[in-house]
Amino acid sequence: MWPYVEASFFGRTEIARSLRAMAAALAEREPLLPARAERVIAGEENRLRASLAPYAGLAGKKAVLYTGGVKSWCLSRRCRTSG
């Protein structure tokens, strides 16, 4: 029987948390999986930081979100984590 893990892929924090949870749940069968997951997370976060570097000047600025839908929470979290 495979373990059950709840995962969310809205934003880098949620993705990293979900990957860690999945790796931990499968660690009994694949003991090296948590370390591999950490390497993947670190590599992807480095790539993301490099991609967001041109927008560093926007840190601390205010943003207006008009989404007209129920996904405003994930967009506001993205703005907060971006600075």
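Numbering starts at 1 and runs along the sequence shown.
By the neighbour-count criterion of 12 heavy atoms within 6.0 Å, atom CZ of R36 is sparsely surrounded, having that number or fewer from other residues, nucleotides or ligands.
The closest side-chain heavy-atom distance from L19 to M22 is below 4.5 Å.
Every side-chain contact (heavy atoms from CB on, under 4.5 Å) that A23 has, sequence neighbours left out, goes to L33, P34, A37. Considering only residues two or more places apart in sequence or on other chains, R39 meets the side chain to side chain donor-acceptor pair (under 3.5 Å) condition with none of them.
Rounding to the nearest 0.5 Å gives a distance of 13.0 Å between CD1 of I41 and CG of L48. Separating the CG atom in L26 from the CZ atom in R29 is a distance of 8.0 Å, to the nearest 0.5 Å.
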